Structures are given as structure tokens and as C-alpha cells.
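Have a look at the structure below, then the notes.
Every value quoted in this text rests on a predicted model; they were computed, and no experiment measured them. Worth knowing before you read on, the calculation uses all heavy atoms, side chains too, and leaves out hydrogens, waters and symmetry mates.
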Amino acid sequence: MMKGFLILYYMSTLFLLFPNLAFGSHNYGEALSKSFLFYEAQRSGYLPHDQRVQWRGNSGLNDGKASGWCAHVIKNSRSVSDVLQVDLVGGYYDAGDNVKFGLPMAFTVTMMSWSIIEYGKQMSESGELSNAIDAIKWGTDYLLKAHPEPHVLYGEVGDGTTDHYCWQRPEDMTTSRAAYRIDPSRPGSDLAGETAAAMAAASIVFRNNNPAYAEELLTHAYQLFEFADKYRGKYDSSITVAQKYYRSVSGYADELLWAAAWLYKASNKQYYLNYLGENGDALGGTGWSMTEFGWDVKYAGVQTLAAKFLMQGNADNHAAVFEKYQEKAENFMCACLGKGNQNIHKSPGGLIFRQRWNNMQFVTSASFLATVYSDYLASAGKSLKCASGPVSPPELLDFAKSQVDYLLGDNPRATSYMVGYGNNYPRQVHHRGSSIVSVKVDPTFVSCRGGYATWFNRKANDPNLLTGAIVGGPDAYDNFADQRDNYEQTEPATYNNAPLIGVLARLHGGQSEYSQLLPVAIPQPKPDPEQKVTPAPASDIAIEQKETTSWVREGKTYYRYSAIVTNKSSKTLKNLKLSVSQLYGSLWGLSKYGDSYMFPAWINSLPAGKSLEFVYIHTANSPAVVSVSSYTLD
């Protein structure tokens, strides 16, 4: 009785303290759109011509290079003399710093891909599918570069110690950009496994609109899984500089199962289903009941996928094992609802709480699993079995919605924890790029320590709005301090947003109109209605291709082609878009946007009579088909 009185008293106090607190519906479509802007703000490398976050500039352009395209590689945190051919330009900065950490980046790509696989239809209807696919490809393009050999994977560029000593925008950074890798002598099954999962999941996204790219991703995923399984070990024992920031506490067993699940979903190969069935007990997938899911601990995600396979009738002779996976998946869901034997703690305002430092990562990931599992159950005509009794699928979805609504402002502080959404959101985000004046506004160099004195310690709002970023969020009692030095609560991260985009698309799209247990074709991104394609007259642009060399490696022949694009008109060529099909490999010298290629980042036009060269390497003994989609003459 006293407990009920205290709850009523607490809620009435909230409305006395916050008379304008409105627990109403939210614009989930707006929140979805803003989430993708955050990913553009996190980009490293040469930014594309259509970059929407204009306060950012190119950065990390020498990542992986020591001389030309070579990298002075650091192994086991010690400098050695090996010089290897590697290009590590691109990818994402993980949070408010300027380091590229491979494990959380790969998990971000996996979860963005899963969001599209489940709710691509809703994203297409909201007009955000092309932005979602672009966000994934920015990550996978980098991950492909980071895997130059079957048993070599680069897992970090830069290091947290030197990076945290400085407060610089990424365009100015003077900190170490050393590259760290795993290989057979220094393994990292968790890192390789998560990267395999990311590439396998992403291959499903690209299967219809870019099949050659999808096949390339899947090939790398096969290699990475074999590497992870054959040479077992924790990645942070090999890349020791990651231990302080992304220590693999759970080990690598969960990532091996996670990768196998995604490879089965992507390839439908029995080998990976058998792996899940035969190793579920030994690797912990059927034994652990989890109360968290994130970049380190993947068991709840594995269990949710395995439960889906079971409900689809795909478990074959492993049904008994997959039933144990499902039991553990349902334990997680019940724990989120507070109806299990071991429940997740909730704040007085109703937010699930795991830890003070960046708790929102667990909120968004749990909300995603609850959302997809609700749809799986609804599609199968089943209910959730909890210790306190059966739970209907809509009740599970309501839980996910309650967490998202809290994040967007329905909470005791009436604060939105997504930057730029609503009227009351964090203004002093722990983020180097947003807290320092844009290099495009004031190009004056910001020094390593000078950034702390001038910008970090400045008690004012950020000069650049980090739209769409989800910060760490409040503590166990719903308290939050909007201060730049409060990194536990005000620092954002890419993996905070990745699961949320799926939930936002689901909530914005309303009730699903198809069975979530049936194969769903991801729709084609909607074309820009303002885009006008201009066919290229033969007199304006010439394209000449020729094979320059070929070689054989591991039984496969590779061909290198050079392509010359010449402006034959009397005017300056601008806004060139090329279509490249039947390309079975990688291309250099052009910028990729959607399904088109544009001028590289270092030029924006081609004068009359001038030429541009790009090259590609692929496994076909005939050239790719290159044609002009559109352009302007000035």
C-alpha cells in the first residue's frame, strides 16, 4: 500500500514541478531523419559533395599511410618496421573523440543493417531509406579497406590516450593516427566475428540494388568468420590500446555465434545453421540469460535471431537447441518488462538502467530487440511466456515505445536526449567537432591543449548543432547535467543511434502489414524527384578504358583497368554522375554516392579539353560498363 502511495505521490510531484510536461505522441519520422544527420557528422575521410552537415570538413586523410599509400603499422601496441600497403581513410569516429574503433563501428553497421532488414519498407515510405543505405555503406566501405587479407583486419586507427590528451576538431587533429591490426599471431575473434556479422548483414541490404557489392561483402564475411573461428583470442589482448575504451569483457564466444547467425541469414548455408546448433551450449548461447545487449555482449541478439529461425521452421534437426536459445531470448524480454525472474532496473521515471556511463546505448538496443520480437510473435500468432504469466506482442511493443518516448522527452526532466529534437535538449555535448567553431567559419588552427582552454572549458552552448546525436542520458534517478565535462551523460555514440533507427521507422510506419517471419525484399531507395538526367552527347564526354595489368592470387585472376574521362566540350564540366555496372571489385579515383559515381573530393569540375583518370580492380576479364548519367556544362 505504501509503495502504491509513493508512486502516486512521485508522479503528482512531477506534474507540479513540470506543469508543461506533456506525455503525448512524438514525431518519430522527424527523429528518424535527424538520426542520419548524426552519422554524417561522424564521418571521417573525404566528405561527399552532398554532405548535409556543412560544419564538418575532410579529416583523417592520412589514416593508414606513412609514405604514399603505406602505413607504419603498430603491432601489439609496439612500433615495428613493417611497412604495408593499406588505405584506412574513411569510416566513422565512434563518439565525441577522433579515434576509429573497429569493434563498435562494426556493431553500428550490423545494427543499422538489421534495422533496414526488418523495417526498410517503413524507411522507404518515410523517404529515409537512401540515407540509411548511405550510412551503412560509409561504414562498410571502410571495413572492406580494413580487411586487406583474409587473416588480417585493422581494428583501430588512433589511440585514446593521445586523443584524450587533446581537444581538437577532427579537421585539425595532430594526435597519433597509428593503425592497429589483428592477424594469426595476434588474434581477435570478437573483432573479426563482429566485422563478419556487419558485412553479412549489410550484404542483405545491398543484395537487390547493388548485387556485386553485396557479393563482395559476403566474401569478406566468410573469410573473417573463418579467421575468427580458426585463430581464437580476444582482440584487446592483441590491440592492447583498446582495453581502456572498448575492452571485450564478454570474450569472443558471443561474437562467433552472432557472426554465424548473420552468415546463415545472409547465405542460407547449412554450415552456419549447424554451427549455431552444435556450438550453442559450448559457446554460451543457450546458457546465458542476459539483461543487456550492446557492442560487447551479443548473446541476447543471437538468441533473438535464433528464436526467429525457429519460428520460421528453419531449425531442422537442431530444434531442441534452438528452443533453448528462444527460452533465453524470452528471459531477456521478460526482464525488460519487469516480469521475469531477474529483471532490469528501472529509474523512477521508467527508463531501464544498466550503468551511469552512456546508459542510453542499452535503452536503444533493448528497445530494438523488444520491437522485432514483438513482431515475430505477432507474425507467429504467439505470446511471450514470462514468470508472471503470458504477455501479448502489443505489450512488448508498448515497452519499446515507452523507452523511445522517454528518450524523446517524456521524462521527469522533460528533456529530449536526442540533440536537436524538441525544445529542451543537451546544448553542451561532449564532442570535439560540435564544441569547436567550424573550420569553415574560422579556419584558424586549434592546438592540442589550446582546444581545452578555449573551447572545452567554455560555459556556453556548442557552436555547431550535433543534430540527431543521442547522448549518454540520465542516471538511475533521472538526473542529468548538461555540461561538456560530464562525458558519462553528454557524450554521444554511433551505436546509440543504430538500433533506434529501426524502432523509429517501426513506430512512424504504424502497424506492420506483412509477416515479419517471411522473407522481405528491401525496396529500392526512392529517387530524388528533382534529379534530371541528361544523356551525354558523343561530342561532350568521352570515356576510354583499357586493361593495364593482371595477376593471379590464390587461384583467382585479378584485372586492373584504367578509365579516362575526357571533357570534349568547349565548356567546364560540372555535376558529373557516372553509372558503373558489372564491376566485381573496388574502384579508386571517384566518389561513390548511392548508385552513382561523382568527381573525387579534391575536384569539383573538369575544364574543357581536360581528362580525369580512375582505376578499378576486379575479377572479370572484361571491363565494367561505364556510362554518363547526368552532368552540367558551365
Side-chain angles (χ1 to χ4, degrees), residues 35-45 53 56 59-60 63 90-112 135 138-139 142 155-171 173 175 177 194 236 239 241-248 294-296 354-365 407 417-420 425-426 428-436 451-452 455-456 462 464-473 482-501:
S35 291
F36 294 117
L37 289 174
F38 170 60
Y39 285 108
E40 293 193 19
Q42 296 301 108
R43 285 171 170 170
S44 179
V53 179
R56 277 297 320 283
S59 63
D63 284 358
Y92 289 111
Y93 302 117
D94 72 302
D97 50 34
N98 299 327
V99 184
K100 295 190 295 200
F101 292 99
L103 183 60
M105 192 192 306
F107 178 70
T108 295
V109 171
T110 307
M111 294 308 299
M112 285 197 292
W138 193 269
Y142 172 81
E156 184 173 331
V157 177
D159 73 86
T161 301
T162 60
D163 181 88
H164 287 197
Y165 181 75
C166 300
W167 193 263
Q168 292 175 289
R169 56 197 174 196
E171 296 83 359
M173 60 181 167
T175 51
R177 303 305 291 172
E194 180 59 65
D236 59 6
I239 304 178
V241 293
Q243 290 180 358
K244 187 178 178 181
Y245 307 96
Y246 289 100
R247 179 185 290 273
S248 181
W295 60 262
D296 181 25
R354 178 69 178 80
Q355 65 183 36
R356 178 176 171 82
W357 191 338
N358 190 16
N359 182 64
M360 276 301 177
Q361 63 178 303
F362 302 109
V363 175
T364 59
S365 58
L407 186 156
Y417 294 105
M418 175 182 281
V419 177
Y425 52 81
Q428 296 186 33
V429 182
H430 184 90
H431 188 275
R432 286 158 175 76
S434 66
S435 67
I436 301 174
Y452 274 109
W455 297 103
F456 179 82
D462 295 334
N464 308 307
L465 190 65
L466 193 63
T467 302
I470 298 172
V471 298
D482 184 14
Q483 298 168 352
R484 194 168 294 114
D485 60 355
N486 181 19
Y487 55 85
E488 292 183 338
Q489 294 189 319
T490 64
E491 185 171 20
T494 57
Y495 44 89
N496 292 6
N497 287 64
L500 185 67
I501 62 175

Criterion side chain to side chain contact (heavy atoms under 4.5 Å, CB included) on Arg247 and Leu103, from CA distance to verdict: CA-CA 10 Å; Arg247 179 185 290 273; Leu103 183 60; over 6 Å; no
Exercise: identify the closest heavy-atom pair between [X] and [Y]:
{"X": "Gly155", "Y": "Ile239", "result": "CA-CD1, 4.0 Å"}
{"X": "Leu500", "Y": "Ile470", "result": "CD2-CD1, 3.1 Å"}
{"X": "Asn464", "Y": "Ile436", "result": "ND2-O, 2.7 Å"}
{"X": "Phe36", "Y": "Ile501", "result": "CE2-CD1, 3.8 Å"}
{"X": "Asp63", "Y": "Lys100", "result": "OD2-NZ, 2.8 Å"}
{"X": "Gly420", "Y": "Leu465", "result": "CA-CD2, 4.4 Å"}

Going from [atom1] on [X] to [atom2] on [Y], what distance comes out if it is rounded to the nearest 0.5 angstrom?
{"X": "Asn497", "Y": "Thr108", "atom1": "CG", "atom2": "OG1", "value": "9.0 Å"}
{"X": "Gln243", "Y": "Ser248", "atom1": "CD", "atom2": "OG", "value": "10.5 Å"}
{"X": "Tyr417", "Y": "Asn496", "atom1": "OH", "atom2": "CG", "value": "13.5 Å"}
{"X": "Met173", "Y": "Asp97", "atom1": "CE", "atom2": "CG", "value": "10.5 Å"}
{"X": "Asn358", "Y": "Met360", "atom1": "CG", "atom2": "CE", "value": "9.0 Å"}
{"X": "Ser59", "Y": "Gln168", "atom1": "OG", "atom2": "CD", "value": "12.0 Å"}

Flag the pair [X] / [Y] as yes when at least one side-chain heavy-atom distance between them is below 4.5 Å, and no otherwise.
{"X": "Val53", "Y": "Arg43", "answer": "no"}
{"X": "Met418", "Y": "Leu407", "answer": "yes"}
{"X": "Thr494", "Y": "Trp295", "answer": "no"}
{"X": "Val429", "Y": "Val471", "answer": "yes"}

Does the [X] side chain pair with the main chain of [Y], one donor and one acceptor, at a distance under 3.5 Å?
{"X": "Asp482", "Y": "Pro426", "result": "no"}
{"X": "Asp236", "Y": "Ala242", "result": "no"}
{"X": "Arg432", "Y": "Cys166", "result": "yes"}
{"X": "Gln489", "Y": "Asn486", "result": "no"}
{"X": "Tyr495", "Y": "Ser365", "result": "no"}
{"X": "Asn359", "Y": "Gly473", "result": "no"}
{"X": "Thr490", "Y": "Gln483", "result": "yes"}

Describe, in one word, how the ring planes of Phe101 and Tyr245 are oriented to each other, choosing from parallel (under 30°), tilted (30 to 60°) and perpendicular (over 60°).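 If you compare the ring of Phe101 with that of Tyr245, the planes turn out tilted.
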Qualifying residues under salt bridge (charged side-chain N to carboxylate O under 4.0 Å, His left out), relative to Arg356, sequence neighbours excluded: Asp475, Glu488
Please identify each residue that fulfils ring pair (Phe, Tyr, Trp, His ring centres under 6.0 Å) with Tyr93, with sequence neighbours left out. none
Ring pair (Phe, Tyr, Trp, His ring centres under 6.0 Å) against Tyr452, all qualifying residues, sequence neighbours excluded: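 Here the qualifying residues are Trp167, Phe456.
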Does a sphere of radius 6.0 Å around OH in Tyr425 hold more than 12 heavy atoms from other residues, nucleotides or ligands, not counting ones at 6.0 Å or beyond? yes
What's the verdict on ring-ring contact (aromatic ring centres under 6.0 Å, His included) for Trp138 and Tyr39, showing C-alpha distance, side-chain angles and the deciding distance? CA-CA 9 Å; Trp138 193 269; Tyr39 285 108; over 10 Å; no
Side chain to side chain donor-acceptor pair (under 3.5 Å) between Thr110 and Glu194: does it pass, once the steps are laid out? CA-CA 8 Å; Thr110 307; Glu194 180 59 65; 2.7 Å; yes
Given Asp462, which of Arg484, His430, His431 fulfils the side-chain hydrogen bond (donor to acceptor under 3.5 Å, both in side chains) condition?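 Single side-chain hydrogen bond (donor to acceptor under 3.5 Å, both in side chains) partner of Asp462 among Arg484, His430, His431: Arg484.
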